[in-house]
> 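Below is the structure I would like to discuss, written out as structure tokens.
Index from 1, following the sequence. Keep in mind that this is a model prediction, so the values were computed, not measured. Remember, it's 1-based here, ligands and their atoms both numbered in the order they're listed.
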Amino acid sequence: MKSIVVLISGNGTNLQALIDAIEAGQIKGRIRAVISNQADAFGLHRAQEANIPTVVLSHRDFADRLSYDLALMEEIDRHQPDLLVLAGFMRILSDRFVEHYGGRMLNIHPSLLPKYKGLNTHQRAIDAGETEHGVSVHFVTPELDGGPVIIQSRVPVFSDDTAEELAARVREQELSLYPLVVKWFCQDRVKMENGEVQVDGKPIPAEGYAAE
Ligand SMILES: Nc1nc2c(c(=O)[nH]1)N[C@@H](CN(C=O)c1ccc(C(=O)N[C@@H](CCC(=O)O)C(=O)O)cc1)CN2
Ligand SMILES: NCC(=O)N[C@@H]1O[C@H](COP(=O)([O-])[O-])[C@@H](O)[C@H]1O
């Protein structure tokens with residue numbers, strides 16, 4: 001049974017999908033703690049409802065990014081996670097932090113990486129006239145949203161889409177994709193070796209698997 005710590009900043013729909021998948025017996029893992037940098041994150045309520053310990057560690061209480069990351073590492077390591085899951089965690093993490101969790105830290109990003117790294121991905125895709133968009137699950141590396149992709153799921157972009165409508169279409173894919181990857185990790189099926197993703201011991205395409 002792998003131990004998991006989840007970092008959030010907001011609503012927590014991805015966290016809820018993981019909670020539900022674990023409770024349904026689909027993931028052989030246990031969320032030991034949910035940590036948020038935002039005290040008003042609704043995801044904290046979701047964790048409390050599921051009897052998962054919660055911690056708020058605000059970046060505003062620290063002089064700089066590294067001191068925050070060191071305090072965050074100390075809190076995370078109290079729970080001795082096998083896996084650290086970023087689920088809408090909206091802080092850029094220092095190299096020191098990322099290297100400490102190398103190969104056991106995942107992120108879900110609302111774009112078809114390497115396109116649209118960073119924020120406001122849906123509006124940027126619409127503004128660029130994209131006809132498809134989507135979501136990527138990747139291992140986290142120091143390069144922001146530059147880590148090796150494990151799997152992607154694509155959605156159409158309609159000409160009259162608002163960013164909210166596109167986000168909702170992407171979100172639907174997120175909520176099944178993240179539990180699938182966490183399940184694979186807990187089964188020791190997916191690893192990061194030398195900066196590349198291996199599934200069942202074999203390298204996968206650079207852009208990751210394409211979700212059905
Ligand atoms: N070193 C890394 N840190 C993080 C990664 C990563 O791949 N490498 N992934 C991000 C998640 N993320 C997109 O998927 C992301 C999160 C936050 C930001 C950002 O610009 N944050 C600002 C604050 C924004 C805010 O508070 O609203 C900041 O940290 O100054 C970009 C992308 C998690 N971290
Ligand atoms: N750059 C990171 C990023 O934008 N992540 C995105 O934040 C949302 C969190 O929603 P949630 O709190 O409801 O899971 C998700 O859509 C996720 O892809």
> Is there a heavy atom of Gly43 sitting under 4.0 angstrom from any atom of ligand 2?
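It does not, in that no heavy atom of Gly43 comes within the 4.0 Å cut-off of ligand 2.
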> Answer with yes or no whether Gly147 contacts ligand 1, where contact means a heavy atom under 4.0 Å from a ligand atom.
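Contact absent.
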> For His138, take its heavy atoms, then give the atoms of ligand 1 lying under 4.0 Å from any of them.
7 (O)
> Is it true that atom CD of Gln80 has more than 12 heavy atoms of other residues, nucleotides or ligands lying nearer than 6.0 Å?
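No, CD of Gln80 has 12 or fewer neighbouring heavy atoms, counting only those of other groups under 6.0 Å.
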> Nearest protein heavy-atom contact for atom 19 (C) of ligand 1: which residue, which atom, what distance?
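Closest protein heavy atom to atom 19 (C) of ligand 1: Ile92 CG1, 3.7 Å.
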> Which atom pair, heavy atoms only, marks the closest approach of Pro81 to Val5?
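Taking every non-hydrogen atom into account, CB-CG2, 3.8 Å.
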> Would you check the N or O atoms of Leu119, main chain and side chain alike, for any that come under 3.5 Å of an N or O of ligand 1?
no
> For Arg65 and Ser94, which I'm curious about, is there any donor-acceptor pair between the side chains at under 3.5 Å?
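Result is no, nothing qualifies.
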> Evaluate His100 against Phe97 for ring pair (Phe, Tyr, Trp, His ring centres under 6.0 Å), listing each step before the verdict.
CA-CA 5 Å; His100 182 68; Phe97 184 102; 7.6 Å; no
> Does atom CG of Asp40 have more than 12 heavy-atom neighbours from other groups under 6.0 Å away?
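Count over threshold, so yes.
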> List the atom pairs, with distances to 0.1 Å, where a side-chain N or O of residues 52-62 and a protein N or O form a donor-acceptor pair under 3.5 Å, not counting sequence neighbours.
from  : atom 1 : to    : atom 2 : distance (Å)
Thr54 : OG1    : Gln48 : NE2    : 3.1
Ser58 : OG     : Arg60 : N      : 3.0
His59 : ND1    : Asn37 : ND2    : 3.2
Arg60 : NH1    : Gln38 : OE1    : 3.2
Arg60 : NH2    : Gln38 : OE1    : 3.2

> To check your reading of the model: name the closest protein heavy atom to atom 32 (C) of ligand 1, its residue, and the distance in Å.
Leu144 CD1, 3.6 Å
> Closer than 4.0 angstrom: is that true for some heavy atom of Ile108 and an atom of ligand 2?
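Judged by the 4.0 Å heavy-atom criterion, Ile108 does count as contacting ligand 2.
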> Applying a strict 4.0 Å limit to heavy atoms, is Arg65 in contact with ligand 1?
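It does, in that a heavy atom of Arg65 comes within the 4.0 Å cut-off of ligand 1.
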> Identify, by atom number and element, the atoms of ligand 2 in contact range of His109, meaning under 4.0 Å from any of its heavy atoms.
1 (N)
> Please state which protein non-hydrogen atom is closest to atom 2 (C) of ligand 1 and give its distance, to 0.1 Å?
Thr141 O, 3.7 Å
> Starting from atom 25 (C) of ligand 1, which protein heavy atom do you reach first, and at what distance in Å?
Met90 O, 3.8 Å
> With no hydrogens and no angle check, just 3.5 Å: does a side-chain donor-acceptor pair link His133 and His122?
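The answer is yes; a qualifying pair exists.
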> Tell me the contacting part of Phe89 for ligand 1: side chain, backbone, both, or neither, using a 4.0 Å heavy-atom threshold, strictly below.
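Backbone only.
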> Quick one about His109 and Ser111 (side-chain donor to acceptor, distance below 3.5 Å, no hydrogens or angles considered), yes or no?
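Yes - a donor-acceptor pair under 3.5 Å links their side chains.
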> One residue to check: Leu93. Relative to ligand 1, which of side chain, backbone, both or neither has a non-hydrogen atom less than 4.0 Å away?
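For Leu93, the contact with ligand 1 is made by both the backbone and the side chain.
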> Specify the protein heavy atom at minimum distance from atom 2 (C) of ligand 2: its residue, its atom name, and the distance to 0.1 Å.
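Checked against all protein heavy atoms, atom 2 (C) of ligand 2 sits closest to Met90 SD, 3.8 Å.
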> How long is the span from the CD1 atom in Ile4 to the CD1 atom in Ile22, to the nearest 0.5 Å?
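That separation rounds to 4.5 Å.
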> Tell me whether Gln187 at atom CD has more than 12 heavy atoms from other residues, nucleotides or ligands lying less than 6.0 Å away.
yes
> As an exercise, identify every atom of ligand 1 less than 4.0 angstrom from a heavy atom of Val98.
1 (N)
> Between Ser9 and ligand 1, find which residue part has any heavy-atom pair under 4.0 Å and reply side chain, backbone, both or neither.
neither
> Which of the atoms in ligand 2, numbered in the order shown and given with their element, are less than 4.0 Å from a heavy-atom of Gly88?
7 (O), 9 (C)
> Please check if atom CD in Glu75 has more than 12 non-hydrogen atoms from other residues, nucleotides or ligands closer than 6.0 Å.
yes
> Using non-hydrogen atoms of the residue, decide whether Asp95 is closer than 4.0 angstrom to ligand 1.
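Outside the 4.0 Å threshold, so no.
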> Could you find the nearest protein heavy atom to atom 3 (C) of ligand 2 and give me its residue, atom name and distance?
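Nearest neighbour among protein heavy atoms for atom 3 (C) of ligand 2, to 0.1 Å: Pro110 CD, 3.6 Å.
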> Identify the closest protein heavy atom to atom 12 (O) of ligand 2: which residue and atom is it, and at what distance?
Gly12 N, 2.8 Å
> Quick check on Glu143 - does any of its heavy atoms sit under 4.0 Å from an atom of ligand 1?
yes
> Give the atom numbers and elements of ligand 1 that come within less than 4.0 Å of a heavy atom of Val140.
6 (C), 7 (O), 8 (N)
> Can a salt bridge be assigned to the pair Arg91 and Asp69 using a cut-off of 4.0 Å between side-chain N and carboxylate O?
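So Arg91 does not pair with Asp69 through a salt bridge.
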> Is it true that the side chains of Thr13 and Gln16 contain a donor and an acceptor less than 3.5 Å apart?
no
> Let me confirm one number: the SG-NZ distance from Cys186 to Lys28, rounded to the nearest 0.5 Å.
10.0 Å
> Quick one: look up the protein heavy atom nearest atom 8 (C) of ligand 2 and list residue, atom name and how far away it is.
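Ranked first by proximity to atom 8 (C) of ligand 2 is Arg171 NH2, 3.9 Å.
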> So for ligand 1, is Gly146 a polar contact partner (N or O within less than 3.5 Å, distance only)?
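For ligand 1, there is no N or O atom that lies under 3.5 Å from one belonging to Gly146.
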> Which protein heavy atom lies closest to atom 7 (O) of ligand 1, and at what distance to 0.1 Å?
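Result for atom 7 (O) of ligand 1: Asp145 N, 2.8 Å.
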> Please list the nearest protein heavy atom to atom 13 (O) of ligand 2 with its residue and the distance rounded to 0.1 Å.
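For atom 13 (O) of ligand 2, the nearest protein heavy atom is Thr13 OG1, 2.5 Å.
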> Within ligand 2, which atoms have a heavy atom of Glu174 less than 4.0 Å away?
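With Glu174 as reference, the close atoms of ligand 2 come out as 15 (C), 16 (O), 17 (C), 18 (O).
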> Geometry only, no angles: is Asn14 polar-contacting ligand 2 at N/O separations under 3.5 Å?
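For ligand 2, there is an N or O atom that lies under 3.5 Å from one belonging to Asn14.
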> In plain terms, say whether Glu130 and Arg124 are close enough for a salt bridge, that is, a side-chain N and a carboxylate O under 4.0 Å apart.
no
> Report yes or no: do Asn107 and Tyr178 form a side-chain donor-acceptor pair below 3.5 Å?
no
> Can you measure from CD (Glu143) to CG (Asp95) and round to the nearest 0.5 angstrom?
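Answer for the CD-CG pair, Glu143 versus Asp95, is 11.0 Å.
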> For Gly118, is at least one N or O under 3.5 Å away from an N or O on ligand 1?
no
> As a check for students: among His109, Arg91, His59, identify the option with a heavy atom nearest to atom 33 (C) of ligand 1.
Arg91
